[in-house]
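Reading through the C-alpha cells given below for one structure.
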Amino acid sequence: VGGLDIILDEIAKKGRKILYVESPLLPKRWPYITISLRSGLEKQELAKIKFITYFSPIARIQELLILVFLPIVYKLSDIPFITSDPLTTAPAVFLRKFGFIKFSYYHCIDYSEKRFPDPIYNDIYKAFLWYSLKGADLVGCVTRRMQEFFSDRGVKRLVYIPNSANTDE
C-alpha cells in the first residue's frame with residue numbers, strides 16, 4: 001500500500017465519495033479507461049470507455065479530453081482532484097484555473113529527466129510535468145530528495161508523503 005492509497009482510504013473513511021479514473025499506460029494491453037465511484041469500501045464502476053486507437057499519442061489525447069470534460073459533465077466542482085501523474089494532473093490544473101474544480105492535489109511518485117527514449121515524447125512529458133507541478137494546489141513527494149529538487153526549481157506547496165516507512169529517520 002502506497003502513500004496515495006492511504007490518503008484515499010482516509011478520505012473514504014470520512015464518508016467522502018471518490019471518483020476514480022483509471023487509465024492504462026499501454027492501451028494495447030488494456031484498451032479501456034475505467035471510471036468508478038467509491039463510497040466507503042464500495043466501489044461501483046460507472047463507465048468503461050474504449051480507446052479509439054491503440055496508437056499511444058492519440059489514446060493520450062482521448063484520455064486528456066475525457067479528463068477535461070468528465071468534471072464538467074458530472075458537475076464535480078466540489079470534490080478535490082487527486083492525481084498521480086502529469087497527464088492526469090494537467091487537466092485538473094487547467095480546470096482549476098478556469099474555476100471548474102476547487103482543489104487539485106498531485107501525488108508525484110517519481111521524476112526522471114529522460115522518461116522516454118524519444119526526445120519529442122520526453123519534451124511533452126516534461127512540459128506536462130512542470131505545468132502540473134507548478135499549477136497544482138498541493139504536491140506530495142514520496143522522497144525528501146524529490147521534494148528538495150522541486151523546491152529548488154520554484155515549485156511551491158510541497159509536502160513529503162513517503163510510500164512506505166522510512167527506516168533511515
Side-chain angles (χ1 to χ4, degrees), residues 1-53 56 58-111 125 128-143 146-147 150 155-166:
V1 172
L4 184 57
D5 296 314
I6 293 167
I7 291 169
L8 295 173
D9 286 346
E10 288 302 313
I11 291 169
K13 282 180 194 173
K14 292 181 180 177
R16 303 277 315 261
K17 291 182 179 180
I18 301 169
L19 185 75
Y20 285 86
V21 178
E22 298 169 281
S23 182
L25 184 59
L26 301 171
K28 194 169 192 173
R29 278 191 160 153
W30 179 254
Y32 298 98
I33 295 171
T34 307
I35 301 164
S36 306
L37 185 65
R38 178 177 171 186
S39 185
L41 296 175
E42 300 288 321
K43 192 172 174 185
Q44 174 190 4
E45 187 176 291
L46 300 177
K48 191 177 270 189
I49 302 166
K50 188 169 177 130
F51 282 104
I52 56 176
T53 180
S56 190
I58 294 182
R60 299 287 73 101
I61 291 169
Q62 179 185 0
E63 180 182 6
L64 283 170
L65 291 172
I66 289 168
L67 291 169
V68 167
F69 287 107
L70 186 71
I72 296 168
V73 170
Y74 282 97
K75 297 179 175 80
L76 302 171
S77 63
D78 289 336
I79 67 169
F81 270 60
I82 301 171
T83 57
S84 61
D85 67 69
L87 194 64
T88 56
T89 306
V93 168
F94 173 81
L95 290 165
R96 172 83 168 94
K97 287 184 189 283
F98 288 97
F100 288 106
I101 65 170
K102 293 181 180 171
F103 182 82
S104 67
Y105 169 72
Y106 176 19
H107 190 74
C108 188
I109 58 170
D110 64 1
Y111 171 78
Y125 160 77
F128 273 98
L129 175 73
W130 289 104
Y131 176 77
S132 298
L133 287 167
K134 295 201 174 201
D137 293 304
L138 183 63
V139 176
C141 299
V142 297
T143 66
M146 185 189 311
Q147 183 181 20
F150 292 150
V155 179
K156 304 199 181 338
R157 304 166 310 276
L158 294 165
V159 62
Y160 171 62
I161 301 179
N163 265 340
S164 59
N166 187 344

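Heads up: numbering here begins at 1 and tracks the sequence.
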Counting distance only, does the side-chain N/O of S23 pair as donor-acceptor with the main-chain N or O of I33 below 3.5 Å?
no
Between CD1 of I35 and CD1 of I49, what distance do you get to the nearest 0.5 Å?
3.5 Å
Do side-chain atoms of S39 reach the backbone of E42 as a donor and acceptor pair under 3.5 angstrom?
no
Which residue, T89, T83, T88, forms the side chain to side chain contact (heavy atoms under 4.5 Å, CB included) with L67?
T88
Can you tell me how far CD1 of I52 sits from CG of L65, rounded to the nearest 0.5 angstrom?
8.5 Å
Indicate yes or no for a side-chain donor-acceptor contact from Q62 to the backbone of K50 under 3.5 Å, with no hydrogens or angles considered.
yes
Are D137 and R96 ion-paired here, with the side-chain N under 4.0 Å from a carboxylate O?
yes
Are more than 12 heavy atoms from other residues, nucleotides or ligands located less than 6.0 Å from atom NZ of K17?
no
Run the ring-centre check on Y111 versus F150 and record whether the distance is less than 6.0 Å.
yes
Would the W130 and Y125 ring centres measure less than 6.0 Å apart?
no
ring-ring contact (aromatic ring centres under 6.0 Å, His included) with F69: which residues, sequence neighbours excluded?
none
Looking at G40, is its backbone amide N or carbonyl O close enough to the side chain of R16 to form a donor-acceptor pair, meaning the two atoms are under 3.5 Å apart?
no
Using a cut-off of 6.0 Å, state whether more than 12 heavy atoms not belonging to L41 lie near its atom CG.
no
Can R38 and D9 be counted as an ion pair, charged N to O under 4.0 angstrom?
yes
Could you give the distance from CG (L158) to SG (C141), rounded to the nearest 0.5 Å?
5.0 Å
